[in-house]
Amino acid sequence: MGALALVAAAIVFGLGALGAGIGNGLIVGRTVEGISRQPELRGTLQTTMFIGVALVEALPVITLVLAFIFYGEA
Amino acid sequence: MDDLSAHLKAVTRVVFLFMSLCCIGWALLPAYENWWGGLMIGGAASLINAYHLSWKVKRAGAIAVAQIKKRVNLGFFTRACVALLAVVIATKTYTFQLSAVVAGLFVAQLATLILGFLSRRKLMASNPTDERGENN
């Protein structure tokens with residue numbers, strides 16, 4: 001049980017971080033591109049980016065807490 | 001005041017309202033104090049995370065406008081550590097429910113999403129545009 005719990009913690013946090021990395025990369029890349037093209041829309045694009053990143057990062061925070069629960073069980 | 005600061009101010013207001021409701025809940029239903037305390041600690045951590053994220057987003061915007069070749073870092077590790085600190089404080093220092101802390105960690109995110117949709121809807125209603133962004 002102990003070793004399996006550690007493997008579960010590693011998998012859950014690894015996959016969560018992978019998804020968040022891809023999502024954040026897409027959001028930040030597109031926003032920076034948009035701001036570079038139209039600097040006058042910076043405020044709107046920043047707000048959209050803030051909402052997107054906040055949503056994307058909700059999942060890895062859950063997985064982090066789950067990973068530590070599994071780590072505690074091990 | 002730019003859009004992001006106004007949005008963050010609204011999110012702060014919602015999170016403080018949520019925490020005050022938790023205080024009222026704690027006073028009225030003290031039997032569930034483990035849940036109320038966990039929700040409050042999670043809400044506070046999520047507000048700290050929202051402020052940190054807005055600071056990082058503003059920095060990314062400033063770098064994009066200045067056309068500097070610099071790596072943009074959103075600082076997820078810091079926010080993850082804040083969430084973990086909230087969990088540790090709630091479970092080791094006090095005896096709050098872990099599930100309540102995890103639920104509280106998403107209050108700011110939920111407020112961000114709902115307020116974002118509402119403000120977008122209000123903007124579309126007050127200033128209707130066609131699909132190319134031109135005024136009708």
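Just so you know, these numbers use all the heavy atoms, side chains as well, and skip hydrogens, waters and symmetry mates. Small disclaimer: the values here were computed from a predicted structure and weren't measured. Convention: sequence-line order gives letters A, B, ...; per-chain numbering from 1.
- Between atom CG of residue Leu53(B) and atom CZ of residue Phe50(A) there is a gap of 5.0 Å, rounded to the nearest 0.5 Å.
- With rounding to the nearest 0.5 angstrom, the CD1 atom of Ile27(A) is 9.0 Å from the CG atom of Leu74(B).
- Interatomic distance, Thr112(B) OG1 to Leu55(A) CG, rounded to the nearest 0.5 Å: 8.0 Å.
- How far CD1 of Ile51(A) is from CG of Leu113(B): 7.5 Å, rounded to the nearest 0.5 Å.
- In this structure, the separation between NZ on Lys58(B) and CZ on Arg42(A) is 9.5 Å, given to the nearest 0.5 Å.
- Of the two parts of Phe68(A), only the side chain, counted from C-beta on, holds a non-hydrogen atom closer than 4.5 Å to a non-hydrogen atom of chain B.
- Under a hydrophobic-cluster definition in which Ile, Leu, Val, Met, Phe, Trp and Tyr are linked whenever side-chain heavy atoms come within less than 4.5 Å, directly or via other members, Ile41(B) and Leu39(B) are assigned to the same cluster.
- Leu98(B) touches chain A through its side chain: at least one heavy atom from C-beta onward sits under 4.5 Å away, while N, CA, C and O do not.
- To the nearest 0.5 Å, the span separating CG on Leu4(B) from CE on Met49(A) amounts to 9.5 Å.
- For a residue to count as touching a neighbouring chain, one of its non-hydrogen atoms must lie under 4.5 Å from one of that chain's; by this rule Val32(A) touches chain B with backbone and side chain alike.
- Other cluster members for Val65(B): Ile35(A), Leu41(A), Leu45(A), joined by side-chain heavy-atom distances under 4.5 Å among Ile, Leu, Val, Met, Phe, Trp and Tyr.
- Proximity to chain A (any heavy atom under 4.5 Å) is restricted, for Leu8(B), to the side chain, taken from C-beta onward.
- Counting heavy-atom pairs closer than 4.5 Å to chain A, the top-ranked of the candidates Ser54(B), Gly61(B), Ser119(B), Ala83(B) is Gly61(B).
- Most heavy-atom pairs under 4.5 Å with chain B, from the set Pro39(A), Ser36(A), Gly52(A): that is Ser36(A).
- Ile69(A) and Val101(B) fall within the same hydrophobic cluster, defined by Ile, Leu, Val, Met, Phe, Trp and Tyr side-chain heavy atoms under 4.5 Å apart, directly or through other members.
- With a 4.5 angstrom heavy-atom cutoff, Val57(B) touches chain A via backbone and side-chain atoms both.
- At a 4.5 Å heavy-atom cutoff, Ala86(B) makes no contact with chain A through either its backbone or its side chain.
- Within a 6.0 Å radius of OH in Tyr51(B), more than 12 heavy atoms belonging to other residues, nucleotides or ligands are found.
- Hydrophobic clustering of Ile, Leu, Val, Met, Phe, Trp and Tyr side chains at less than 4.5 Å, counting indirect connections, keeps Leu105(B) apart from Val107(B).
- Chain B forms the most heavy-atom pairs under 4.5 Å with one residue out of Val61(A), Ile62(A), Asn24(A), and that residue is Ile62(A).
- The contact between Phe76(B) and chain A is made by backbone and side chain atoms together, counting heavy-atom distances below 4.5 Å.
- Taken together through direct or relayed side-chain contacts under 4.5 Å among Ile, Leu, Val, Met, Phe, Trp and Tyr, Val15(B) and Phe96(B) form part of one hydrophobic cluster.
- Looking at Ala50(B), both its backbone and its side chain come within 4.5 Å of chain A, counting heavy atoms on both sides.
- Closest approach of Ala80(B) to Leu64(A), counting heavy atoms only: O-CD2, 3.3 Å.
- Side-chain heavy atoms closer than 4.5 Å link hydrophobic residues (I, L, V, M, F, W, Y) into clusters, and following such links, even through other members, never connects Phe70(A) to Val7(A).
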